[in-house]
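Below, chain A is the first sequence line, B the second, and so on; all start at residue 1.
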Number of protein chains: 2
Amino acid sequence: MKITFKGDYALKAILDLAIHHGRAERIESIAKRQDIPFKFLEQILLSLKKGGFVRSKRGRDGGYYLARAPKQITMGQVIRYVEGPIEPISCILKKGGTHCDFAAQCVLRDVFLDIGQYIADKVDRVTFADLKEKQLKKLAKENKYLNYSI
Amino acid sequence: MKITFKGDYALKAILDLAIHHGRAERIESIAKRQDIPFKFLEQILLSLKKGGFVRSKRGRDGGYYLARAPKQITMGQVIRYVEGPIEPISCILKKGGTHCDFAAQCVLRDVFLDIGQYIADKVDRVTFADLKEKQLKKLAKENKYLNYSI
DNA sequence: TTAATACCCTACTAACTTGATAGAGATTAT
DNA sequence: ATAATCTCTATCAAGTTAGTAGGGTATTAA
Ligand code: FES
Ligand code: FES
């Protein structure tokens, strides 16, 4: 019951691009800011590009940028793309992809479906515009106390 | 974001023992009813015994039985025991076990904590008495239509 | 007492997933 | 040209998952 580093990194990368929305950001900049291994992030961004979340520009002054506005991207879309289905499958899916023979009588399944529904609802409602706003507020509050600039 | 077969089997085994509460059930009977590989279930039950969920009786007419009433066992207890923490850790836990350096500013963490809280609440509220009751009702309803007996 | 029954325990393994790293190639601004 | 950047494929060590194998030990019916 966990999200992988890959998924976590993907979310962080997109949040980073949301915060710097409007210009192309180099992989290395994102990697440093978000503390992600450079070469790993390279692969993740390539995958996110295939998924239609980001676009890129090559050569000097190149980098990555969001394919659409932060408001149009949800956590759910990203998680499903890099991690697969969100539902905490018990044996909801059996081998093939269709659900198991006992599904109709399975009371465990009901609980997991309920949980899956909650998670889906949650992550589908959170956009990267929301995350960006919250992130900036948190940082602003910190700056007030610590006198740092980022 | 998934539960393993081991966890699924553990839940099914305990539900089976809850349904047959009062007598000792052989591993093989449980394995057949719940469609679990015998030798795998053997290990799982041994582990559940160490965890204090079940007790056993050896020799002829031996088998496993619940260590306490179905009402006193929750899904959460079992899942945590066989699967570890329920929370969909983002990078909430870093290497050691303490949370990461950026936790205070991390907006992703907030979302995952919320989800983790919901899951924990849910599975901690569902007891095996609840599951047993629902299971028996489902089976009864099926029997009415199909004229089967189990 | 003894044979049958059933749990106890440890070791092993094949396949898969995770979290990367390596390096050559393609593209673009200056 | 050339330096900066993304592109793409391959590889890999470590860990996890889903089992299997096989002998050992306790209990009890007969
Ligand atoms: S969904 Fe298959 S047994 Fe529960
Ligand atoms: S909790 Fe560590 S960066 Fe989010």
Exercise for review: Using atom CD1 of Ile3(B) as one end and atom P of dT16(D) as the other, report the distance to the nearest whole Å.
Suggested key: 17 Å
Review point. Which whole-number value in Å describes the distance from Arg55(A) CZ to dT7(D) P?
Key: 13 Å
Practice item. Please check if any side-chain donor atom of Thr4(A) sits under 3.5 Å from a side-chain acceptor atom of Glu83(A), or the reverse. Key: yes
Review point. Phe5(B) has a side chain; which of dG19(D), dG19(C), dT21(C) sits nearest to it?
Key: dG19(D)
Practice item. Quickly work out the Glu83(A) CD to dC16(C) C1' distance and round it to whole Å. Key: 16 Å
Check your understanding: For the residue pair Tyr118(A) and Tyr118(B), does the interplanar ring angle fall in the parallel (under 30°), tilted (30 to 60°) or perpendicular (over 60°) class?
Key -> parallel
Check your understanding: Any chance the side chains of Thr127(B) and Lys71(B) put a donor and an acceptor closer than 3.5 Å?
Key -> no
Review point. Within this structure, what is the CD1-to-P distance between Ile36(B) and dT20(D), rounded to whole angstrom?
Key: 13 Å
Point to revise | Sequence neighbours excluded, every pair satisfying ring-ring contact (aromatic ring centres under 6.0 Å, His included) that has a member inside residues 47-71 of chain A | key: Phe53(A)-Tyr81(A)
Point to revise | Ile115(B) versus Pro88(B), closest heavy-atom pair with distance | key: CG2-CG, 4.0 Å
Point to revise | Spacing of Ile44(A) atom CD1 relative to dT21(C) atom P, expressed in whole Å | key: 11 Å
**Study point:** Protein-to-nucleotide contact annotation, 5' to 3' order, nucleotides 1-9 of chain C [B base; S sugar-phosphate only; - none; under 4.0 Å, heavy atom]
**Key:** ----BSBBB
Check your understanding: What is the distance, rounded to the nearest whole Å, between atom OH of Tyr9(B) and atom C1' of dT17(D)?
Key -> 11 Å
Point to revise | Whole-Å gap separating P (dC8(D)) and CZ (Phe40(A)) | key: 18 Å
Exercise for review: Mark yes or no for whether His20(B), through its side chain, and Asp16(B), through its backbone, hold a donor-acceptor pair below 3.5 Å.
Suggested key: yes
